[in-house]
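Accompanying notes for the structure given below.
Letters A, B, ... are given to chains in the order of the sequence lines, protein chains preceding strands, and every chain is numbered from 1.
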2 protein chains.
Amino acid sequence: MQIGELARSTGVKIETIRYYEREQLLPVPQRTDGNYRLYSPRHVEQLRFIRYCRSLDMSLEEVRLLIEARDAPAGSCLTVNALLDEKIAEVDARVNELHKLQDQLRQLRGLCQQPDEVKTCGILMELNRSARIDKAQI
Amino acid sequence: MQIGELARSTGVKIETIRYYEREQLLPVPQRTDGNYRLYSPRHVEQLRFIRYCRSLDMSLEEVRLLIEARDAPAGSCLTVNALLDEKIAEVDARVNELHKLQDQLRQLRGLCQQPDEVKTCGILMELNRSARIDKAQI
DNA sequence: TGAAAAGCCTGAAGTGGCTTCAGGGTCAAG
DNA sequence: CTTGACCCTGAAGCCACTTCAGGCTTTTCA
Ligand SMILES: [Zn+2]
Ligand SMILES: [Zn+2]
Ligand SMILES: [Zn+2]
Ligand SMILES: [Zn+2]
């Protein structure tokens with residue numbers, strides 16, 4: 001199976017597949033005489049594994065750790081658990097941030113019901129005011 | 001006021017301030033004889049404006065648009081309203097994604113109560129299973 | 001007075017996770 | 001034999017910064 005078919009059957013772009021190979025997340029495939037990459041079912045699985053982890057918001061570094069853990073079946077899965085706990089905490093924190101952001105954005109949006117002139121626009125006035133009194137403090 | 005004081009009084013790193021200048025988000029400051037940047041209160045306000053917009057998750061390109069709108073007080077604020085509406089929709093969508101992600105992560109985490117061997121770890125087994133049946137489809 | 005320390009300068013490169021581009025080579029069909 | 005689909009490589013671009021290398025200016029204080 002060459003790279004185009006792998007791409008089609010996983011929904012991953014060709015360039016991304018080559019990128020994962022460079023990053024050593026996918027094992028180096030065989031080559032044809034014409035230097036085309038040749039993939040096996042094992043590659044399909046590994047690529048899907050990567051994409052599934054990515055869909056769970058894992059970084060490539062974290063995916064690398066998971067692959068390592070998975071391929072050392074004698075070890076314990078402590079690191080896997082820790083990684084997931086950390087990820088859950090991260091996502092929870094991000095959701096909280098975004099909830100606050102939603103409130104702020106909606107409140108700001110409410111300050112301009114119908115488009116006025118810039119001079120009197122509640123949104124721009126509030127943005128300027130916030131800048132002056134330094135509401136930011138991220 | 002030189003760059004260090006501006007940085008201290010706004011909480012923005014010196015390198016970031018210089019970066020904003022390169023990106024033409026901050027007006028070019030005066031210079032001393034020794035080529036040090038000299039800022040005015042106007043710069044402080046503009047920098048705070050930028051950071052407040054950034055804290056609302058605006059991109060620098062969007063901040064640029066807001067600054068333009070603000071500085072053309074004769075125009076209408078239609079673009080500002082549209083920008084905010086779009087941003088609100090983006091954040092809402094992201095929050096929904098993250099809620100789904102929270103569910104998935106918690107469910108996955110529940111598959112390994114106490115750290116086993118890798119061979120029998122419910123988390124790794126599920127990751128492998130998901131890869132095989134292609135649950136991903138991001 | 002002279003040297004160390006603190007502050008500032010520039011341009012370039014690095015970050016992550018890809019995507020895009022330029023400039024080719026390989027292979028099957030007509 | 002040529003067209004077009006497919007593949008190759010290495011380099012650069014994206015965003016919003018951060019870091020680094022190497023050097024200049026100003027203040028401090030012994
Ligand atoms: Zn809320
Ligand atoms: Zn308005
Ligand atoms: Zn919620
Ligand atoms: Zn486990």
Applied to residues 1-41 of chain B, the ring pair (Phe, Tyr, Trp, His ring centres under 6.0 Å) test, sequence neighbours excluded, yields B:Tyr39-B:His43

Here the distance between atom C1' of C:dG17 and atom CD of A:Glu21, to the nearest Å, is 17 Å

Strictly distance-based, threshold 3.5 Å: is any side-chain N or O of B:Lys87 a donor or acceptor partner for the main-chain N or O of B:Asp57? yes

Of B:Ile14 and A:Thr16, the one whose closest nucleotide on DNA chain C sits nearer the 5' end is B:Ile14

Do any N or O atoms of the protein come closer than 3.5 Å to N or O atoms of nucleotides 10-14 of chain D, and which pairs are they?
none

Between A:Glu86 and A:Leu83 (side chain of the first, backbone of the second, donor and acceptor by atom type, cut-off under 3.5 Å), is there such a pair?
no

Atom CD1 of A:Ile17 and atom P of D:dC6 are separated, to the nearest Å, by 14 Å

The side chain to side chain donor-acceptor pair (under 3.5 Å) partners of A:Asn35 (sequence neighbours excluded) come to A:Arg31

Salt bridge between A:Lys100 and A:Glu97, side-chain N to carboxylate O under 4.0 Å? no

When rounded to whole Å, the CD to P distance for the pair B:Glu61 and D:dC17 reads 13 Å

Contact list (N/O, under 3.5 angstrom) for nucleotides 28-30 of chain C vs protein:
none

All stems that DNA chain C takes part in, i.e. 3 or more consecutive Watson-Crick or G-U pairs with distances under 3.5 Å, are C:1-30 with D:1-30

Separation of D:dA16 atom C1' from B:Met58 atom CE, nearest Å, is 16 Å

Sorted by chain and number, sequence neighbours left out, side chain to side chain donor-acceptor pair (under 3.5 Å) with B:Glu61 holds for B:Arg64

Residues pairing under salt bridge (Lys or Arg N to Asp or Glu O under 4.0 Å) where one sits in residues 35-44 of chain B, two or more places apart or in two chains, turn out to be B:Glu21-B:Arg37

Residue set satisfying side chain to side chain donor-acceptor pair (under 3.5 Å) with B:Asp92, at least two apart, ordered chain then number -> A:Gln102, A:Arg106

Applying side chain to side chain donor-acceptor pair (under 3.5 Å) to A:Glu45 and not counting sequence neighbours gives none

From CG of A:Leu6 across to C1' of D:dC8 the rounded distance in Å is 16 Å

Here the residues of residues 29-38 of chain B within 4.0 Å heavy-atom distance, strictly under, of DNA chain C are B:Arg31, B:Asn35, B:Tyr36, B:Arg37

side-chain contact (heavy atoms from CB on, under 4.5 Å) filter on A:Arg8, not counting sequence neighbours, yields A:Glu5

Taken to the nearest whole Å, NZ/B:Lys13 to C1'/C:dT15 is 13 Å

Starting from B:Ile14, can I reach B:Leu38 by hopping between I/L/V/M/F/W/Y residues whose side chains sit under 4.5 Å apart? no

Is A:Glu23 touching bases, backbone alone, or none of the nucleic acid, heavy atoms closer than 4.0 Å?
nothing

Between CZ of B:Arg18 and C1' of D:dC17 the distance, given in whole Å, is 13 Å

- For the pair A:Leu6 and A:Leu47, evaluate side chain to side chain contact (heavy atoms under 4.5 Å, CB included) and give the outcome as yes or no after the intermediate values. CA-CA 9 Å; A:Leu6 177 59; A:Leu47 183 51; 3.8 Å; yes

Taking for B:Glu15 and for B:Tyr19 the nucleotide of DNA chain D with the nearest heavy atom, the one nearer the 5' end belongs to B:Tyr19

Rounded to whole Å, CG of B:Leu60 lies from P of D:dT18 at a distance of 11 Å

Okay, side chain of B:Gln46, backbone of B:Leu25: is any donor-acceptor separation there less than 3.5 Å?
yes

A:Gln2 vs D:dC6: side-chain N/O to OP1/OP2 distance below 4.0 Å: no

Whichever of A:Ile3 and B:Tyr20 has the more 5' nearest nucleotide on DNA chain D, that residue is A:Ile3

Salt bridge (Lys or Arg N to Asp or Glu O under 4.0 Å) filter on A:Lys119, not counting sequence neighbours, yields A:Glu117

